Every structure is written in C-alpha cells, then in structure tokens.
Amino acid sequence: MSSKNILVTGCAGFIGSNFVPYFLDKYDNYTIINLDLLTYAGDLDNLKELENHPRYKFIKGDICNRELIEFIFNEYDIQGVIHFAAESHVDNSIKNPGIFIETNVNGTYTLVDVAQKYWMDKPFSYKKAYEGCRFHHISTDEVYGTLNETDLFTEETPYAPNSPYSASKASSDMIIRAYHETFGLNTVITNCSNNYGPKQHDEKLIPTIIRNALQGNPIPIYGDGKNIRDWLYVLDHCKGIDLVYHTGKNGETYNIGGRNERTNLQIVDRICSILDEKVPKEKSYKELITFVEDRAGHDRRYAIDASKLEGELGWLADENFDSGIFKTVEWYLGKYKMELNK
C-alpha cells in the first residue's frame with residue numbers, strides 16, 4: 001500500500017489524542033498531519049508518546065485560516081481528512097456562543113471547501129490522483145436534541161439541537177452533507193454519544209468527579225442528577241471512526257454509541273464505589289455528592305442506536321461500562337496522584 005498523508009484536526013483534544021496513537025500503531029502506510037489551535041481543550045501533553053514519531057507532524061493553527069489550510073494541502077499533498085477539531089464544552093457555549101459558530105461552522109466550511117477544490121476538477125469529478133480521497137466529519141448525538149424515556153437516536157432522527165454548541169455542530173453536519181450532494185465529495189459523518197476514558201479535559205463530568213473526590217471537595221451534580229447519557233469508551237469510538245473512514249458508504253452517516261445508558265447519579269455512585277475500594281478514606285466518597293443549579297437548556301436524555309454501524313460494518317464495543325469506567329478511574333488515579341504529590 002502506498003503511503004498517504006492525512007490531515008487530522010484537533011488531535012490534542014480528548015478523542016483525537018486517543019485516536020492518533022491507535023491509528024498510527026495499526027497502519028504503517030499513513031502519515032498524520034495534526035492541525036490544532038491548542039485552545040483550552042487541547043494539550044500537547046496528551047500526545048507526548050508521539051513527539052518523535054516519524055509519521056506524525058504537529059502544526060499549531062486555526063481551521064478557520066484558509067491560507068494555512070491551503071498551504072497544508074499543497075505542502076503535504078493531503079489525501080484524506082478526519083475532522084475532530086471543535087469547541088465542545090456546552091457550558092462554555094452558553095457563555096460565549098460566537099466562538100462555537102466561528103470554529104464549528106466556519107472552520108468546518110473552510111476545511112471541506114479547500115479539500116473539495118484540492119481533490120476535484122469540478123462537481124462529481126475527482127482529479128485522477130485523488131480518487132477515493134475522503135472527508136470524515138466527527139459530530140455528536142446532541143444534534144438530535146433530547147429524547148423521551150424509551151426512544152433511541154437513529155441516523156433518521158430529525159435534527160433538533162438545543163444548545164449553541166449542538167446548533168453549531170448540526171450546522172457543520174449540514175455543510176458536509178451539502179458538499180456531498182452538490183459537489184459529489186466523498187464524505188462520511190459519525191455522530192457519537194458521550195465519550196469517557198483517559199486524557200479527557202478536567203472540566204468534564206467524570207474527571208471532575210474523580211478529582212474532587214480525591215481532594216475531598218464537594219462533587220457537583222447538576223439538577224437532580226437524573227439526566228441520562230449513553231456512555232462510550234473512547235477507544236471503542238476510535239475503532240468505530242477507523243471502520244467508517246475505511247469502509248463506510250460514501251455520503252452516509254453512522255451513529256456510534258455504547259449502549260450504556262446511565263444517569264449522572266449512577267455514574268458518580270459507581271466512581272465513588274471504585275475509589276472507596278482503591279483509595280479508601282474514613283468516610284465514603286459518596287458523602288461528597290452535592291447538587292448544584294441545573295445548566296440552561298440541559299437535555300434530559302441522549303441514547304444512540306448503533307445498529308446500522310454494527311449491522312453494516314460489523315462494529316462492536318469492546319468495553320461495557322463497568323470495564324471501561326474501571327480503566328478510566330485507574331488512569332486518572334495515576335494522573336491526579338502525581339499532581340497531588342507535586
């Protein structure tokens with residue numbers, strides 16, 4: 001197989017920094033060009049193990065910077081894009097929606113427009129050297145809005161985003177769809193449920209629970225704690241992305257979910273039980289749970305039906321929630337113990 005350079009955006013973030021080592025390890029015919037702006041969510045420490053990797057290059061820059069994107073395509077002859085880069089913290093999108101629109105909408109447009117012009121002569125006609133070049137857009141289940149108690153999101157669920165974050169992601173999905181329909185660009189979209197695992201940003205739910213517990217601080221839970229999410233172990237998500245990028249059908253969307261629905265209360269309860277076992281204190285960590293005022297527009301339940309991905313492409317999650325959360329807690333224990341000992 002000939003060697004290919006692919007542009008992967010946002011690799012210093014949580015999911016990207018789990019994806020790149022997995023992908024480079026699995027395939028020896030790819031070189032990854034990582035474009036990341038290193039905003040609050042990106043951290044090069046997440047990619048320490050790749051610093052001297054011969055098939056990995058890091059470029060600090062903004063996906064909205066068209067000149068830079070064009071330079072990267074020309075300089076590295078990019079033959080595929082996997083687009084992770086996004087502003088994704090819902091609380092931040094409530095405080096400052098503009099950044100989300102800029103990055104998630106304009107940034108995605110810039111990337112896909114440069115790719116289409118670089119790879120194609122005209123609509124529905126790829127240049128000879130770039131046939132099969134694909135643009136894989138990573139999205140979220142939040143574009144579908146909120147669910148009742150029983151239904152699941154499928155690829156046919158109408159979009160009904162409720163936060164500035166999910167609205168910006170829904171917009172970016174529509175741009176990708178338009179480039180497939182109008183120009184014949186080879187695209188795939190994956191919408192995933194809540195990821196968890198190593199390297200997640202400290203502000204997110206699971207790292208926050210573990211960190212506060214270890215420090216003996218109150219563990220904040222929004223509202224009544226009964227919001228339900230479908231939890232997906234990050235490496236299972238990476239394997240799903242790999243599968244869709246290589247074997248997904250042109251123009252299709254695939255939902256990736258863990259079939260692990262839990263309320264926030266169940267999550268915090270499970271983590272505290274593991275910590276009580278691993279680093280016991282006089283009292284159970286569960287006594288630190290504190291309820292705080294709910295966030296604005298907080299969707300009640302998300303859950304994904306991944307049967308299209310399972311049935312058509314043969315994907316299956318390797319981790320269930322109990323195995324995945326145990327690995328996750330162990331990883332953060334290592335991280336936070338080191339920080340506490342500094």
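Source: prediction; values computed, not measured. When a residue number appears, it is its place in the shown sequence, counting from 1.
- Of the possible polar contacts, one joining the Asn18 side chain to the Phe14 backbone as a donor-acceptor pair under 3.5 Å is found.
- Proximity of a side-chain donor or acceptor of Ser323 to a complementary backbone N or O of Asn320 within less than 3.5 Å is detected.
- Ring-centre distance between Phe183 and Tyr179: below the 6.0 Å cut-off.
- One finds no salt bridge joining Lys117 and Glu70 here, because no Lys/Arg side-chain nitrogen approaches an Asp/Glu carboxylate oxygen to under 4.0 Å.
- Side chains of Ile176 and Asp173 form no contact here, defined as non-hydrogen atoms less than 4.5 Å apart.
- Screening His136, Lys26, His237 for a side chain to side chain donor-acceptor pair (under 3.5 Å) with Asp242, the sole residue that qualifies is Lys26.
- In this structure, Lys127 places its NZ atom where more than 12 heavy-atom neighbours from other residues, nucleotides or ligands lie under 6.0 Å away.
- In this structure, the side chains of Val268 and Ile221 come closer than 4.5 Å at one or more pairs of heavy atoms.
- A distance-only check finds a donor-acceptor pair linking the side chain of Asn227 to the backbone of Asp299 [under 3.5 Å].
- Salt bridge status for Lys327 with Asp322: absent, with no side-chain N to carboxylate O gap under 4.0 Å.
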Begin with the C-alpha distance, continue with both residues' side-chain angles, and end with the deciding distance and a verdict on side chain to side chain donor-acceptor pair (under 3.5 Å) for Ser172 and His137. CA-CA 9 Å; Ser172 65; His137 176 60; 3.1 Å; yes
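- Under the 4.0 Å criterion applied to side-chain N and carboxylate O atoms, Glu49 and Lys199 are assigned as salt-bridge partners.
- The nearest pair of heavy atoms linking Ser193 to Ile304 is N-CD1, 3.6 Å.
- Remark: Arg229 does not engage Asp141 in a salt bridge, criterion side-chain N to carboxylate O under 4.0 Å.
- Linking ILVMFWY residues whenever their side-chain heavy atoms come closer than 4.5 Å, directly or via other members, places Tyr336 and Ile325 in the same cluster.
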Please walk me through it: do Arg55 and Asp25 pass salt bridge (Lys or Arg N to Asp or Glu O under 4.0 Å)? CA-CA 10 Å; Arg55 291 182 291 109; Asp25 190 46; over 6 Å; no
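- Residues Asn148 and Asp151 have side chains that bring a donor and an acceptor to within less than 3.5 angstrom of each other.
- Across Trp119, Phe73, Tyr109, a single residue satisfies side chain to side chain contact (heavy atoms under 4.5 Å, CB included) together with Val114, and that is Phe73.
- Residues Ile59 and Tyr76 are in side-chain contact: their nearest non-hydrogen atoms beyond the backbone lie under 4.5 Å apart.
- Using a cut-off of 4.0 Å between Lys/Arg side-chain N and Asp/Glu carboxylate O, Asp305 and Arg259 are scored as salt-bridged.
- Salt bridge present: Arg66 and Asp113 bring a charged side-chain N and a carboxylate O closer than 4.0 Å.
- Annotation for Arg177: atom CZ does not count as buried by contact number, only 12 or fewer foreign heavy atoms lying within 6.0 Å.
- Taking the side chain as every heavy atom from C-beta outward, Asn104 and Ser171 never approach each other to under 4.5 Å.
- Remark: side-chain polar atoms of Arg300 are not paired, donor with acceptor, to backbone N or O of Thr146 under 3.5 angstrom.
- Each of Tyr22, Phe23, Phe19 was checked for a ring-ring contact (aromatic ring centres under 6.0 Å, His included) with Tyr30, and the lone residue meeting it is Phe23.
- Both Leu235 and Trp331 are members of a single hydrophobic cluster when ILVMFWY side chains are connected at heavy-atom separations under 4.5 Å.
- Judged purely by distance below 3.5 Å, without hydrogens or angles, the side chains of Asn65 and Glu67 never pair a donor atom with an acceptor atom.
- Ile189 and Ile256 fall into different hydrophobic clusters, defined by Ile, Leu, Val, Met, Phe, Trp and Tyr side-chain heavy atoms under 4.5 Å apart, directly or through other members.
- Under a 3.5 Å cut-off, the side chain of Lys239 and the backbone N or O of Trp315 do not form any donor-acceptor pair.
- Between Cys192 and Leu232 the shortest side-chain heavy-atom distance falls below 4.5 Å.
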Let me see the working for Asn34 and Tyr56 under side chain to side chain donor-acceptor pair (under 3.5 Å), right down to the final yes or no. CA-CA 7 Å; Asn34 167 20; Tyr56 167 79; 3.0 Å; yes
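- Placement of Tyr332 and Ile271 within a single hydrophobic cluster is found when ILVMFWY residues are connected by side-chain heavy-atom separations under 4.5 Å, directly or transitively.
- A heavy-atom distance below 4.5 Å is not found between the side chains of Asp224 and Leu265.
- For Phe58 and His53, the distance between ring centers is not under 6.0 angstrom.
- Other residues, nucleotides and ligands place more than 12 heavy atoms under 6.0 Å from the NZ atom of Lys281.
- Between Lys278 and Glu330 there is a salt bridge, with a side-chain nitrogen of the basic residue lying less than 4.0 Å from a carboxylate oxygen of the acidic one.
- Of all heavy-atom pairs between Ile15 and Cys238, the closest is O-SG, 4.0 Å.
- Under the 4.5 Å side-chain criterion, counting only non-hydrogen atoms from C-beta, His83 is in contact with Thr108.
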Salt bridge (Lys or Arg N to Asp or Glu O under 4.0 Å) evaluation trace for Glu312 with Lys249: CA-CA 9 Å; Glu312 290 183 17; Lys249 225 168 119 193; over 6 Å; no
Quick one, Tyr302 with Glu142, criterion side chain to side chain donor-acceptor pair (under 3.5 Å). Give me CA distance, side-chain angles, the key distance, then yes/no. CA-CA 7 Å; Tyr302 309 138; Glu142 296 191 39; 3.2 Å; yes
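- Side-chain N/O atoms of Tyr285 and Asn212 include no donor and acceptor closer than 3.5 Å.
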Begin from the C-alpha positions of Ile33 and Val8 and carry the test side chain to side chain contact (heavy atoms under 4.5 Å, CB included) through to its verdict. CA-CA 6 Å; Ile33 315 300; Val8 187; over 6 Å; no
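- Aromatic pair Tyr196/Tyr233: ring centres closer than 6.0 Å.
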Where do Leu7 and Ile72 land on the side chain to side chain contact (heavy atoms under 4.5 Å, CB included) test, with the steps shown first? CA-CA 8 Å; Leu7 174 61; Ile72 290 169; 4.2 Å; yes
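- Tyr159 and Tyr144 form no side-chain donor-acceptor contact under 3.5 Å, judged by distance and modelled atom types alone.
- A donor-acceptor contact shorter than 3.5 Å is absent between the side chain of Asp36 and the backbone of Lys60.
- Judged by distance alone, the side chains of Ser273 and Asp276 never bring a donor and an acceptor atom under 3.5 Å apart.
- The shortest side-chain heavy-atom distance between Leu152 and Arg301 falls under the 4.5 Å cut-off.
- By the criterion of side-chain heavy atoms lying less than 4.5 angstrom apart, applied directly or through intervening Ile, Leu, Val, Met, Phe, Trp or Tyr residues, Leu205 is grouped together with Leu333 in one hydrophobic cluster.
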